[in-house]
Protein chains: 2
Amino acid sequence: MSEDTVPQNTEERIKEAARKVFMEKGFDGTTTRDIAEAAGINVALTNYYFRSKEKLFRMIFEDAHREFFHESHELLQRPISLREKIPQLIASDFRLFAKNPNLSLFLITERHRHPELLATAKEAPPAVLFFLNQVQEAVTQGEIRPVAPAHVLQLIMANVQFVFLSKPIMFQCTNISPTAYAEFVSQHQQLVTQMIMIYLFDF
Amino acid sequence: MSEDTVPQNTEERIKEAARKVFMEKGFDGTTTRDIAEAAGINVALTNYYFRSKEKLFRMIFEDAHREFFHESHELLQRPISLREKIPQLIASDFRLFAKNPNLSLFLITERHRHPELLATAKEAPPAVLFFLNQVQEAVTQGEIRPVAPAHVLQLIMANVQFVFLSKPIMFQCTNISPTAYAEFVSQHQQLVTQMIMIYLFDF
DNA sequence: CAATGTTTTAAACAGTTGATTAATTTTTTG
DNA sequence: CAAAAAATTAATCAACTGTTTAAAACATTG
């Protein structure tokens, strides 16, 4: 995905610049001239390749949306036990958001501010439904604590994504150093995994 | 705070309208004309009372920031055990964000997008430091599982705030009905409290 | 090489933005 | 009530916005 090499292909170069700027400043905070400058091209070219700022944004958002669901897609419906699956899901999400620290804020903000632009973000992904069923099944079998499956999804998403959302406020509250923070994040992944597993399986 | 009665005081009416619009659409997505319309006044009046959009925004953000910390301020340094304090903190935060569903997204987004405008959001609040010390003390005394205090703060914030941040995506993933969702949120508060308490105290 | 198609550019357009102005209405006060 | 002060308005400003245009530069090909 995000290679450091600048692509010679102009269309791709615009798309990458747009992704970078949109992710950082959001749809409202981004101007076509911002994107053009980031891509090192003339303003008119963004409209030459993508017909409008809106269409370009739609494309970027849908890519990001896909990236978010694609990461866990296969894992969610893999035929393994929850005891294996949940720690792997957490690890996989931590990896995704560590690689892409703005992704969570971007998806949440734009979904909230511009729901009309987001055709993709409508139907429930089948892989998620599969996972929810698996949780329900585990509850029925008495393997895990009896909870509505949505809670498990909520727990995983919250405890992974919020780490990246709250980075600035955690810096303020704890006066932590940047190097120590990286260590903190990695420790938190372990802690969250352990906490959720204990909660679900030891009851 | 947010009375439903429209205040006759013009300054207050502008401020309330600004708060509403800024919270919903963010700094970049808001125009001075949006605010004027929401307040039912002429555009020029926003600059008559507050000298610029930026100054008005600063005021709104700082209010929101204060509101966020004020809610827990007293509770954080109350001389009670963590066994009592943590569930109360979670309950207090749930109450705050339920009353103000956009607060979390607003604070996180604007802090990320416009750090230069936010003078307030710099120093660590003493009440938070008090709480972190109390956690450290409890660890030393062997009362709770040995964890770095920042993790506890992170757990509480994540598991409360993300519920409100993820409302749209949870609707997508679970096809839940609006009435069922309210029940889900209330259940999740219980679940999260229980999970964190078990994790910290049973080890 | 000339003709043709593609990519890129500078310039411009109409609409919107935050902000100011100068005039008008409303309120206060001596 | 009249004069002064304060609040409110419509009109306007320059800067910026997304988008389009028409011309230039570049590449392709017969």
> What are the 5'-most and 3'-most nucleotides of DNA chain C lying under 4.0 Å from any heavy atom of chain B?
Replying inline: C:dT17 to C:dT21
>> Rounded to whole Å, how long is the line connecting atom CZ of B:R33 with atom C1' of D:dA11?
In response: 11 Å
> Given atom CG of B:N9 and atom P of D:dA6, what is their separation to the nearest angstrom?
Replying inline: 16 Å
> Is it the case that A:H70 and A:E74 place a side-chain donor and acceptor less than 3.5 Å from each other?
Replying inline: no
> More than 12 foreign heavy atoms under 6.0 Å from CD of B:E37: is that the case here?
Replying inline: no
>> Within the supplied structure, the quantity of interest is the number of heavy atoms (other residues, nucleotides, ligands) at a distance under 6.0 Å from A:K167 NZ; does it exceed 12?
In response: no
>> Quick check: B:F106 with B:F22 (ring centres under 6.0 Å apart)?
In response: no
> Is the NZ or CZ atom of A:K53 positioned over A:F27's six-membered ring, under 6.0 angstrom from the centre and within 45° of the axis?
Replying inline: yes
>> Quick check with a 6.0 Å cut-off and a 45 degree axis cone: is B:R83 positioned over the face of B:F201's six-membered ring?
In response: yes
> Thinking salt bridges, do B:R113 and B:D28 make one under a 4.0 Å N-O criterion?
Replying inline: no
> For DNA chain D, what residues of residues 21-29 of chain B have any heavy atom nearer than 4.0 Å?
Replying inline: none
> Taking DNA chain D as the partner, which of residues 44-58 of chain B come within under 4.0 angstrom of it by heavy atom?
Replying inline: B:A44, B:L45, B:Y48, B:Y49
> With a 4.0 Å cut-off on heavy atoms, is A:T32 in touch with a base, just the backbone sugar-phosphate, or nothing at all?
Replying inline: base
> Measuring from B:E137:CD to B:L82:CG, what's the distance to the nearest 0.5 Å?
Replying inline: 10.0 Å
>> Determine whether A:H151 and B:F184 satisfy the following criterion, ring pair (Phe, Tyr, Trp, His ring centres under 6.0 Å), listing intermediate values before the conclusion.
In response: CA-CA 8 Å; A:H151 290 294; B:F184 169 78; 4.4 Å; yes
> Does the pair A:E24 and A:N102 meet the rule for a side chain to side chain donor-acceptor pair (under 3.5 Å), with working shown?
Replying inline: CA-CA 7 Å; A:E24 182 61 32; A:N102 288 335; 3.1 Å; yes
